[in-house]
There are 2 protein chains.
Amino acid sequence: MAQKKKYLSKNQKIVLDIIEKSAQPMKAYSILFNVQKKGLKAPPQVYRALDKLVEIGKIHKIESRNAFIACRNSACTITNATAFSICESCEDVKEISSSKLSKYLSNFQDKEGMKFNKYNLEFFGLCKKCK
Amino acid sequence: MAQKKKYLSKNQKIVLDIIEKSAQPMKAYSILFNVQKKGLKAPPQVYRALDKLVEIGKIHKIESRNAFIACRNSACTITNATAFSICESCEDVKEISSSKLSKYLSNFQDKEGMKFNKYNLEFFGLCKKCK
DNA sequence: ATTACAATGTTATAATATAACAATAAAAGA
DNA sequence: TCTTTTATTGTTATATTATAACATTGTAAT
Ligand SMILES: [Zn+2]
Ligand SMILES: [Zn+2]
Ligand SMILES: [Zn+2]
Ligand SMILES: [Zn+2]
């Protein structure tokens, strides 16, 4: 299982480090710009690290923004089940960790009775500051 | 309000038409290719129509796939609240219309008590056929 | 040591999306 | 009507996001 991976490679560490230092999601080419001083010069080096970090749950992709955010929710590194709130004004993004929500969604069945253990939910609105 | 719009423009009709004829989500450049015989020659013509159609709820964007699907759920043309199931094997996508789910998510509050009336939820798994 | 697999470095290119501007068409107000 | 405003169109160019392909190097197990 991908989640069992213990050690990150050099490039994976560099990329994770910069994403973790950012309070907000970072775009791939912004990451690239920021890691060029550390020797990662080309897009594939960044995208490969991003792919792996997403795979092992260290970061998540905010699909509606094409951006990447560090995971702050230990539970979801195992589940592939993610939820975020996104402010449409200041673009502030927060990961939602609600066991009630994740239970509800993991147990949700569609009309054919199908269940899904993997999902991504993005909520949109205005954050406190912007309201 | 955008939802009150009654008539679509020529390009909007052309683009909607082709998306509605497709059982599955279509990518923008695939749409472009398909409408070139009808005179839409450049990406902005397609993207403008897509933007408007998304805005008025006639189509939805599947964010994780960068693709567009026609809305089959009259309720969500008003709500900006969408949910889909996506088969990770055959890429079959279905819009989920569950008033229970939409009520649950519209009433969901985050830790600061914030509510969101707009959201997008993408479930992933294997469809009946692929399981 | 040999073998397998993961990660790296590199160049080029594919795929997705928007900026900018001139021209037309449609809708609304006088 | 006519005139003003707004939405839509056509067009060229370019920005942004992401992957293909291939040679090389590092790592870990046998
Ligand atoms: Zn997480
Ligand atoms: Zn905000
Ligand atoms: Zn819909
Ligand atoms: Zn399937």
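Residue numbers begin at 1 in each chain, while the letters A, B, ... track the order of the sequences. Side chains included, hydrogens not; waters and symmetry mates left out as well; all remaining heavy atoms used.
One interatomic measurement links the two molecules: NZ of K38(A) to P of dT8(C), which rounds to 14 Å at whole-angstrom precision. In this structure, the NZ atom of K13(A) is 14 Å from the C1' atom of dT8(C), given to the nearest Å. The nearest whole Å value for the distance from the CG atom in L8(B) to the C1' atom in dT9(D) is 15 Å. As a whole-Å value, the separation of L53(A) CG from dA6(C) P is 16 Å. Atom-to-atom, CD1 of I31(A) to C1' of dT17(D) comes out at 12 Å; the value is rounded to the nearest Å. L50(A) places its CG atom 12 Å from the P atom of dT8(C), with the value rounded to the nearest Å.
With a 4.5 Å cut-off on side-chain heavy atoms, L40(B) and N11(B) count as touching. No side-chain heavy atom of I96(B) sits under 4.5 Å from any side-chain heavy atom of T82(B). Side-chain contact check for K128(B) versus E112(A): some heavy-atom pair is nearer than 4.5 Å.
Applying the ring-ring contact (aromatic ring centres under 6.0 Å, His included) test to F84(B) and every residue at least two apart in sequence or in another chain returns H60(B). The ring-ring contact (aromatic ring centres under 6.0 Å, His included) search around F124(A) returns none, not counting sequence neighbours. In this structure, the side-chain hydrogen bond (donor to acceptor under 3.5 Å, both in side chains) partners of D17(B), at least two apart in sequence or on a different chain, are K21(B). Residues passing the salt bridge (Lys or Arg N to Asp or Glu O under 4.0 Å) test with R65(A), sequence neighbours excluded: E91(A).
OP1 or OP2 of dG9(C) lies within a sub-4.0 Å distance of a side-chain N or O belonging to K10(A). The phosphate of dG10(D) (OP1 or OP2) has a side-chain N or O of N11(B) nearer than 4.0 angstrom. Contact annotation: K41(B) reaches the phosphate of dT11(D) (side-chain N/O to OP1 or OP2, under 4.0 Å). Phosphate contact (OP1/OP2 of dT8(C), side-chain N/O of S9(A), threshold under 4.0 Å): present. The side chain of Q45(A) places an N or O atom within less than 4.0 Å of a non-bridging phosphate oxygen (OP1 or OP2) of dG9(C). Q12(A) has a side-chain polar atom (N or O) that falls below the 4.0 Å cut-off from OP1 or OP2 of dA7(C).
Cluster annotation: I19(B) and V93(B) are assigned to distinct hydrophobic clusters (Ile/Leu/Val/Met/Phe/Trp/Tyr, side-chain heavy-atom contacts under 4.5 Å, transitive).
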Tell me, what's DNA chain C's dot-bracket, Watson-Crick or G-U with both distances under 3.5 Å, | for other-strand, [ ] crossing?
-> ||||||||||||||||||||||||||||||
Where along nucleotides 14-29 of chain C does protein come under 4.0 Å, by heavy atom, of base (B) or sugar-phosphate alone (S), with - for untouched nucleotides?
-> --BBBBBB--------
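Salt-bridge formation is detected for the pair E88(A)/K118(B): a Lys NZ or Arg NE/NH1/NH2 atom is positioned less than 4.0 Å from an Asp or Glu carboxylate oxygen.
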